[in-house]
Amino acid sequence: MSVATLSHITVRYGRRVALSDLDVEIPEGSVGLLGPNGAGKTTAIKALMGFVKPASGSAHVLGMDATRQAMHIRAQTGLMPEADCAFPMMTAVAMVAYAAELAGIPPAQALRRAHETLEYCGLGEARYRMVDGFSTGMKQRVKLAQALVHSPKLLFLDEPTNGLDPAGRDAMLRLIRDLSHDMGINVVLSTHLLPDVERTCDRVIVLRAGKLAAEGALSELKALGRAYVDVELRMPDDGFEAQVLRRGGAIVSHLGSHYRVRIPTDVEDAALFVFGCAEESGAQVRGLRPAARSLEDVFVEAIE
Amino acid sequence: MTPAPHKEPAHPQARPAMAEAHIEDLSYRPYEGPYRTRLLRWWVIAGAWMRVVRRQPAFWACVAISMWPYARAIFFLYLDSNGMLRRPPGTPDVGLMLGIADHTPGQQFAFQLYGALTSQWFLWMLPVALIAGAGSIALDNRAGALMLYLSKPVSKAEYLLGKWAGIFVLLAGATLAPQFFLYGYCALSYSGEGFFRNEPLLVVRMVAASLVPAAVHAALLIGFSAWSRTSRMAGAVYAGFYFVVSIAAQMVWRLLYHGHLGQGDLVRHLHVHGIIEGVVQNIFGVTIHTITGNRRMGIEYVTLPPPSLGIVGGLCLFLMVAAIIAARYRVQAVEVLRG
């Protein structure tokens, strides 16, 4: 089931086309919105939030039309913008409580929620300090807290790890994973950082120049299919390579004793093929698994 | 509300950020309590802005200073009640000539309330208005808060209404408080001299008149603030606009109508304070008597009746609507560069 849909949507900024006939469904769970700078990731989020009017097509979030029911959508979604933003002259707890009140939560409950959410986001005692004086990492946490405070069903996170040091990034990614995998909040993570997506998302949507370049479950996109296996031998063995070639296979790459082997199309059992080659050559197999690409490979292939 | 049951995270390493926290139950739980309707969402914004302004000592200092015209009015009323500003029939009315007292039946106290209100607003309330309003949207522009506001179920109209109301309530409060004080002084001191009989609707007029400058300045300030990125810039531009147009209108009026200054109502009121003054004069229903002149022309006694309410009221509405439209055009969740 999808939580958001972009149906043949085109968004123009003057003469520049930011989204071009983009047709994609965002499923439940955690979805990574990938793409190089200028691919249209942020514009897609803006269209879903009803911030920009599409030239054609439509956007739906949680079954509601983004143009006509933007207020209802905003009541049930949270946005952590990419840009540095805060309500001025407020402490973190006042800011998050204010965000809760803007979402309709009564003042007393809003304050309680603000404390809970900021604790969850790891602000601790810093929540009593003015946001203006926060470090980048703390500001990111406050931005996440204000997006989260009213219990949204869908959370848009636009480059949430921007400007964070490794420890801060690690903590932020664990928070995002916790939100999507343990709290049951649907998350759309827009980023150009592939490791962030690999750590937090189950599915990805890759955009290129405002168009859909690839989409699917991370595991499916990374899989190379039955035709490739990764083999680890006890030591490098030329005889094994020769046997693979002789039986119609190919060595795609190898590094030390690690080989990526292409299995011939007429072979049904890859394991039997590999063990047969090893037996013939006298090589000792230490490991065997279906070959997988890195997300980087998937991404590069999609955007080229 | 029944609290939701505590939910343990799926795996113990899922909450690293909470490791050093001090509160026992740190779980993030879905909110299941009541939600308010959107009807008064703008008041949340107004309240938040008022809290920000009220924390500034400069605001209270300027409010205190702005009240001195009321002390002056009470002083003149005191002199008047002691007969110091009254002259025997047939001699010039010094109080009237100097614009400090008016013994015309029905406008003796309205004149004082009107005089104090317009004096307070011409100069002394301007810093208060700037502190209360210049940063209202400019600070949000600078901090990138507009996207946060508009990512919540808050429309642009609610946002602007909230900001306007926040400024309006502060300014109206700073005007109504001394007005009521002066009214109370008059009521207590002159109840035996026909205060309630001669000017029965004075309190209604006073409240209505006090709201006019607050409403106009609040609207103009959100217009100027929306187009600025700092409160200082918004304040400086607004103050410049206010004084330059005011001085220009006064100069044109005096040049065009010298010798018969009682005419030229429209030109005299063709600036922010003039428009407010015109509406307020109509509400209080007072006629101004003053003296003006120079060495060459000699002294001129000028009588200034209230200007046409239709014209100044129309200008007043036009200013407010134009400022709000300008602000609405500028307030966007995202800044889109077109080209």
Side-chain angles (χ1 to χ4, degrees), chain A residues 13-16 42 46 49 51-52 71-75 77-79 81 83-90 94 98-107 109 113 115-117 119-125 132 141 143 146-151 156 170-171 174-175 177-179 181-184, chain B residues 1 7-11 13-23 25-38 41 44-45 47-48 51-53 55-56 135 138-140 142-155 158-159 231 332-339:
Chain A
Y13 297 141
R15 276 175 294 175
R16 187 173 163 263
T42 302
K46 288 173 185 171
M49 294 290 289
F51 290 157
V52 290
M71 288 299 140
H72 295 289
I73 290 173
R74 291 170 199 173
T77 56
L79 172 66
D84 201 8
C85 53
F87 297 123
M89 301 171 84
M90 286 189 191
Y98 184 36
E101 282 192 66
L102 288 175
I105 297 176
Q109 311 256 26
R113 287 286 300 173
H115 281 286
E116 284 176 4
T117 314
E119 275 295 334
Y120 174 70
C121 291
L123 256 294
E125 296 303 307
D132 304 341
R141 287 169 188 267
K143 272 160 59 178
Q146 66 77 30
L148 205 55
V149 70
H150 58 294
S151 294
F156 293 105
D170 187 57
R174 274 192 271 181
L175 266 175
R177 187 169 175 82
D178 188 46
L179 283 169
H181 288 77
D182 297 325
M183 299 296 166
Chain B
M1 191 193 86
K7 184 186 171 193
E8 282 299 327
H11 54 88
Q13 294 195 344
R15 306 262 176 84
M18 296 182 291
E20 296 173 7
H22 306 292
I23 295 176
D25 183 2
L26 302 175
S27 55
Y28 171 82
R29 290 165 289 196
Y31 176 71
E32 291 169 348
Y35 282 89
R36 287 182 160 184
T37 63
R38 275 186 55 209
R41 200 64 53 88
V44 173
I45 298 170
R51 281 194 293 278
V52 167
V53 175
R55 282 203 303 265
Q56 299 181 47
L139 287 173
D140 287 344
R142 190 180 175 86
L146 286 175
M147 181 170 256
L148 295 185
Y149 275 108
L150 299 179
S151 70
K152 302 282 180 279
V154 173
S155 67
E158 286 165 333
Y159 172 76
S231 50
Q332 302 285 346
V334 289
E335 195 164 355
V336 177
L337 300 173
R338 296 185 183 277

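Just so we're on the same page: letters track the sequence lines, and every chain starts at 1.
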For this session: Under 4.5 Å, counting heavy-atom pairs only, tell me which of A/Ala147, A/Ala103, A/Ala99, A/Ala75 racks up the most with chain B.
Result: A/Ala103
Seminar exercise, completed: Minimal heavy-atom distance between B/Val154 and B/Tyr149, with the atoms involved, is CB-O, 3.8 Å
For this session: Identify which part of B/Arg55 has an atom lying under 4.5 Å from any heavy atom of chain A, answering side chain, backbone, both or neither.
Result: side chain
Exercise. Side chain of A/Arg113, backbone of A/His150: donor and acceptor closer than 3.5 Å?
Worked result: no
Exercise. By a 4.5 Å heavy-atom criterion (distance strictly below it), what part of A/Leu148 contacts chain B: side chain, backbone, both, or neither?
Worked result: both
For this session: Select, from B/Val44, B/Leu148, B/Leu146, B/Ile45, the one with the greatest count of heavy-atom pairs under 4.5 Å involving chain A.
Result: B/Leu148
Problem set entry | B/Tyr31 (side chain) donor-acceptor with B/Pro34 (main chain) under 3.5 angstrom | yes
Exercise. Between CZ of A/Arg74 and CZ of A/Phe51, what distance do you get to the nearest 0.5 Å?
Worked result: 5.0 Å
Exercise. B/Arg41 side chain to B/Arg36 main-chain N or O, any donor-acceptor pair under 3.5 Å?
Worked result: yes
Exercise. With a 4.5 angstrom heavy-atom cut-off, which part of B/Ser155 approaches chain A: side chain, backbone, both or neither?
Worked result: both
Seminar exercise, completed: Here the pair of heavy atoms bringing A/Cys85 nearest to A/Lys143 is O-CG, 3.8 Å
Problem set entry | Under 4.5 Å from a heavy atom of chain B, the part of A/Ala83 involved | neither
Exercise. With chain B, which of A/Pro107, A/Gly78, A/Ala100 has the greatest number of heavy-atom pairs at distances under 4.5 Å?
Worked result: A/Pro107
For this session: Under 4.5 Å, counting heavy-atom pairs only, tell me which of B/Ser151, B/Gly144, B/Ala145 racks up the most with chain A.
Result: B/Ser151
For this session: Below 4.5 Å from any heavy atom of chain B, which atoms of A/Met89 appear? Answer side chain, backbone, both or neither.
Result: both
For this session: State plainly whether the residues A/Asp178 and A/Arg174 are in salt-bridge range, i.e. N to O under 4.0 Å.
Result: no
